Amino acid sequence: MDEEHYWQAVLSIFQFSMGPSALALTLGMILGALTNRFQFLMANLRRMAHEVREEKELKMTLQTGLQMVMLQSRVRTLQASMMCVGTSILMLASLMAMLFLERLLLWRLYPVTIVLFLGILGTMILGVSLFLVDVRQAHKALDIEIRSAMELVSRKVEMSERHESQVAAG
């Protein structure tokens, strides 16, 4: 093989490897974001568990316990999402090795390559979908928290108004 053909072959392999490399970077960034979110939820769960152990008032303990159940559900969703994205990364590594061997040894493993590629896309889509489920769960939890706070404010206003009317009447 002359030098020009050699460098064309090297350039071809380099260009061929750029797509999977970009996908690997994307999947790594997704997994990093999921990991940060997971750590945040776990820190909140630990803090709440400490509050439950220290809290003397039953009502506050129950509210914190309900929040912990919601966070635990989100942790499970994120774990499943992380597993999907992690599986996608492992399949991508296998695909990259397969593509390299196909080029280097001139093997024809197209069915395996296609199955790996579809598996990568499928697990990535499922992982991101589960992440979106977690985002939705976070929004629901926030809605519940806001409603609870607004009910508490409403009760305090009512009590204050009753107290003022009793003072004025008395």
Side-chain angles (χ1 to χ4, degrees), residues 17-100 109-164:
S17 68
M18 291 307 292
S21 298
L23 186 57
L25 179 63
T26 302
L27 288 170
M29 290 172 58
I30 291 170
L31 190 58
L34 291 172
T35 301
N36 288 339
R37 194 170 180 96
F38 181 77
Q39 288 173 337
F40 173 77
L41 290 177
M42 292 302 292
N44 278 346
L45 276 170
R46 286 186 186 102
R47 180 186 51 79
M48 288 179 178
H50 178 74
E51 286 176 10
V52 165
R53 285 191 296 272
E54 300 296 319
E55 186 63 49
K56 305 290 187 258
E57 188 180 327
L58 181 60
K59 183 177 179 184
M60 291 301 294
T61 301
L62 289 174
Q63 287 176 345
T64 303
L66 290 173
Q67 289 175 345
M68 289 177 69
V69 168
M70 289 165 48
L71 282 178
Q72 185 181 25
S73 172
R74 290 183 57 204
V75 164
R76 285 190 189 120
T77 302
L78 276 176
Q79 283 176 328
S81 179
M82 291 169 69
M83 290 295 293
C84 288
V85 173
T87 300
S88 189
I89 291 171
L90 291 174
M91 292 171 71
L92 178 61
S94 300
L95 176 66
M96 291 170 80
M98 191 70 63
L99 290 172
F100 179 75
L109 302 172
Y110 301 130
V112 176
T113 307
I114 291 169
V115 167
L116 279 173
F117 182 71
L118 292 176
I120 291 165
L121 291 180
T123 54
M124 182 178 70
I125 290 168
L126 184 57
V128 171
S129 297
L130 287 168
F131 169 73
L132 294 175
V133 167
D134 173 61
V135 169
R136 181 66 186 133
Q137 288 174 329
H139 287 166
K140 282 182 180 178
L142 183 61
D143 287 344
I144 291 169
E145 201 62 37
I146 290 170
R147 270 191 253 122
S148 175
M150 294 307 291
E151 286 175 13
L152 180 62
V153 168
S154 178
R155 275 188 253 131
K156 285 183 178 182
V157 167
E158 285 177 18
M159 288 173 53
S160 175
E161 289 173 351
R162 259 191 248 134
H163 178 69
E164 288 174 8

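Basis for what follows: all heavy atoms, side chains included, without hydrogens, waters or symmetry-related copies. None of these values were measured; they are calculated from a predicted model. One is the number of the first residue; the rest follow in order along the sequence.
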Any [X] side-chain heavy atom under 4.5 Å of [Y] side chain:
| X | Y | answer |
| --- | --- | --- |
| K140 | R136 | yes |
| L78 | M42 | no |
| M150 | S154 | no |
| L130 | C84 | yes |
| R74 | L71 | yes |

Distance check, rounded to the nearest 0.5 Å: [X] atom [atom1] versus [Y] atom [atom2]?
| X | Y | atom1 | atom2 | answer |
| --- | --- | --- | --- | --- |
| L126 | M83 | CG | CE | 11.5 Å |
| I89 | M124 | CD1 | CE | 11.0 Å |
| H163 | M159 | NE2 | CE | 10.0 Å |
| D134 | S129 | CG | OG | 12.5 Å |
| L95 | I114 | CG | CD1 | 10.5 Å |
| T113 | L118 | OG1 | CG | 11.0 Å |

* With sequence neighbours excluded, what pairs up with R47 under the salt bridge (Lys or Arg N to Asp or Glu O under 4.0 Å) test? ->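 R47 satisfies salt bridge (Lys or Arg N to Asp or Glu O under 4.0 Å) with E51 only.
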
* **Results of salt bridge (Lys or Arg N to Asp or Glu O under 4.0 Å) for R162 - residues two or more places apart only** =>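 Result, salt bridge (Lys or Arg N to Asp or Glu O under 4.0 Å) vs R162: E158.
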
Can any side-chain N or O of [X] pair as donor or acceptor with the backbone N or O of [Y] at less than 3.5 Å?
| X | Y | answer |
| --- | --- | --- |
| S81 | T77 | no |
| S73 | V69 | no |
| T123 | G119 | yes |

* Asked: Nearest heavy-atom pair of L27 and V85: which atoms, and what distance?
  ->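 That closest heavy-atom pairing would be O-CG1, 3.7 Å.
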
* Closest non-hydrogen atom pair, F38 against V75 ->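 For F38 and V75, the tightest heavy-atom pair comes out as CE1-CG1, 3.5 Å.
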
* For M98, does the CE atom sit with more than 12 other heavy atoms under 6.0 Å from it, leaving out its own atoms? ->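 Enclosed: over 12 neighbouring heavy atoms sit under 6.0 Å from CE of M98.
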
